[in-house]
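Heads up, the thing below is written out as structure tokens.
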Amino acid sequence: MSNSFLSERGPDGVVRVTLNRPDVHNAFDDRLIAELTKALANLGQDESVRAVVLTGAGKSFSAGADLNWMRRMAGYSDEENLADARGLARLMQILNELPKPTVARVNGAALGGGTGLVACCDIAIASENASFGTTEVRLGIIPAVIGPYVVAAVGPRQARRLMLTGERIPAIEAMRIALVHEVVPLEGLDAAIDAVLKNLLRCGPEAIAAAKGLVRDLPGRPITAELVDDTAQRIARLRATAEAREGIAAFLEKRRPAWLA
Ligand code: COA
């Protein structure tokens, strides 16, 4: 049985994860979900990992949930069905919260859960031929476990249209609604990803993880005294770390910080 995804680690600490079920446009089934969740959890714990790039083998990024698997699950007991759905919800959560910067390299169609994976990544770069959509309603289901991340990415107004119509949108429209950050010709995709990685690798790894937590925690919170104090505590904590001392010293001494050397 071939690997449901491929994982390749570069000397720079960048791990490239490629969904590898091209025959079904990288749709994910229970096996891929379980294996990818485990792999991401390990990458999140690994200090040598500086960034994770997620992409798809073949012409699509991911066609979302494997519909054969979905059909199979409908025949299972309520408990089994729920346990299985929780597995997919957990995958989305672990990707969203990974303490490493994540970059979606969207090489083609990213539909249903594929759009969900994109929304869970920190940065998304799409090729011009990519398409997106929460197509679930067209199948009589809903984009439930991806919902929180899609709404966080595009806001409730755009999410209503996407989720209620199930329509497919081209990459350029996905950029307009902030689902992706950049759209480039397919042949320029790797150069665009490399440019993003170059910026990420300049930054302190612990600072990136903390910044990611900050961005995740802020939306929807009223600016109360408690929040203001929370932000003060975060910077007080961060600037005392060895990483911050090194970063600030390197700037003042006009040299590269240790993580760039
Ligand atoms: N689950 C299972 N199989 C899938 C799949 C999915 N989500 N998406 C595609 N496939 C399979 C097709 O059934 C087909 O299988 P076959 O070769 O046995 O007939 C094969 O992948 C090729 O798909 P096809 O539709 O012929 O390719 P295409 O290039 O014309 O279109 C897509 C590619 C991804 C745009 C199209 O397959 C599609 O829209 N897929 C459904 C996406 C979706 O709605 N996902 C939401 C799931 S909740």
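Every number for a ligand or one of its atoms is a count from 1 in the order of the listing. No experiment lies behind these values; they were computed from the predicted model shown. Computed from heavy atoms alone, side chains included, the values below leave out hydrogens, waters and symmetry copies.
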Next on the checklist: If the contact criterion is a heavy-atom separation under 4.0 Å, does Arg138 count as touching ligand 1?
Outcome noted: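 Checking ligand 1 against Arg138, which is what was asked, there is no heavy-atom contact under 4.0 Å.
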Checklist entry - Can Lys59 be said to touch ligand 1, with heavy atoms closer than 4.0 Å? => result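 Within the 4.0 Å threshold, so yes.
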Under the 4.0 Å line, does any protein heavy atom show up next to [atom]?
atom: atom 29 (O) of ligand 1; result: yes
atom: atom 2 (C) of ligand 1; result: yes
atom: atom 42 (C) of ligand 1; result: yes
atom: atom 45 (N) of ligand 1; result: yes
atom: atom 12 (C) of ligand 1; result: no
atom: atom 26 (O) of ligand 1; result: no
atom: atom 23 (O) of ligand 1; result: yes
atom: atom 17 (O) of ligand 1; result: no

Item to check | hydrophobic_cluster_shared for Phe28 and Val52, side chain cutoff 4.5 Å | outcome: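 Yes, Val52 and Phe28 fall within the same hydrophobic cluster.
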Checklist entry - With hydrophobic residues grouped by side-chain heavy-atom distances under 4.5 Å, do Leu43 and Val14 end up in a single group? => result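 Per the 4.5 Å side-chain linkage, Leu43 and Val14 are not co-clustered.
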Next on the checklist: Looking only at the side chains, is there a donor atom on one of Ser127 and Asn107 sitting less than 3.5 Å from an acceptor on the other?
Outcome noted: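 Checked: Ser127/Asn107 side chains show no N/O donor-acceptor pair below 3.5 Å.
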Checklist entry - Between the side chains of Ser48 and Arg9, does any donor sit under 3.5 Å from an acceptor? => result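 The answer is yes; a qualifying pair exists.
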If you count the atoms of ligand 1 from 1 in the order shown, which ones are under 4.0 Å from a heavy atom of [X]?
X: Ala27; answer: 1 (N), 6 (C), 7 (N)
X: Thr135; answer: 43 (C), 44 (O), 45 (N), 46 (C)
X: Leu67; answer: 1 (N), 2 (C), 6 (C), 7 (N), 47 (C)

Checklist entry - Any donor-acceptor pair under 3.5 Å linking the side chain of Glu243 with the backbone of Ala207? => result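 Yes.
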Checklist entry - Are the side chain of Asn3 and the backbone N or O of Leu6 linked by a donor-acceptor pair below 3.5 Å? => result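 Not at all, since once roles are kept as given, no pair shorter than 3.5 Å links the two residues.
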Checklist entry - Which residue owns the protein heavy atom closest to atom 20 (C) of ligand 1, what's the atom, and how far is it? => result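 The protein heavy atom lying closest is Asp23 O, 3.5 Å.
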Next on the checklist: Which residue and atom name correspond to the protein heavy atom nearest atom 37 (O) of ligand 1, and how close is it?
Outcome noted: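 Atom 37 (O) of ligand 1 sits closest to the protein heavy atom His25 CD2, 4.2 Å.
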Checklist entry - For Ala65, is at least one N or O under 3.5 Å away from an N or O on ligand 1? => result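 Min N/O separation from ligand 1 is below 3.5 Å for Ala65.
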Checklist entry - Looking only at non-hydrogen atoms, which of Met70, Arg168, Glu136 approaches atom 35 (C) of ligand 1 most closely? => result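 Residue with the shortest heavy-atom distance to the ligand atom: Arg168.
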Carboxylate-amine/guanidinium contact [X] [Y], below 4.0 Å:
X: Glu97; Y: Lys212; value: no
X: Arg21; Y: Asp66; value: yes
X: Asp46; Y: Lys100; value: no
X: Asp229; Y: Arg234; value: no

Checklist entry - Below 4.5 Å, heavy atoms only, C-beta onward: do Asp12 and Arg50 meet side chain to side chain? => result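 Result no, sub-4.5 Å side-chain heavy-atom pair not found.
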Next on the checklist: Can you tell me if Arg157 has over 12 outside heavy atoms packed within less than 6.0 Å of its CZ?
Outcome noted: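 No, not enclosed.
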Checklist entry - With a 4.0 Å heavy-atom cut-off (strictly under), which part of Arg21 contacts ligand 1: side chain, backbone, both or neither? => result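 Neither part.
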Item to check | Region of Ala63 that comes within reach of ligand 1 [heavy atoms, distance under 4.0 Å] | outcome: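 Both the backbone and the side chain of Ala63 come within reach of ligand 1.
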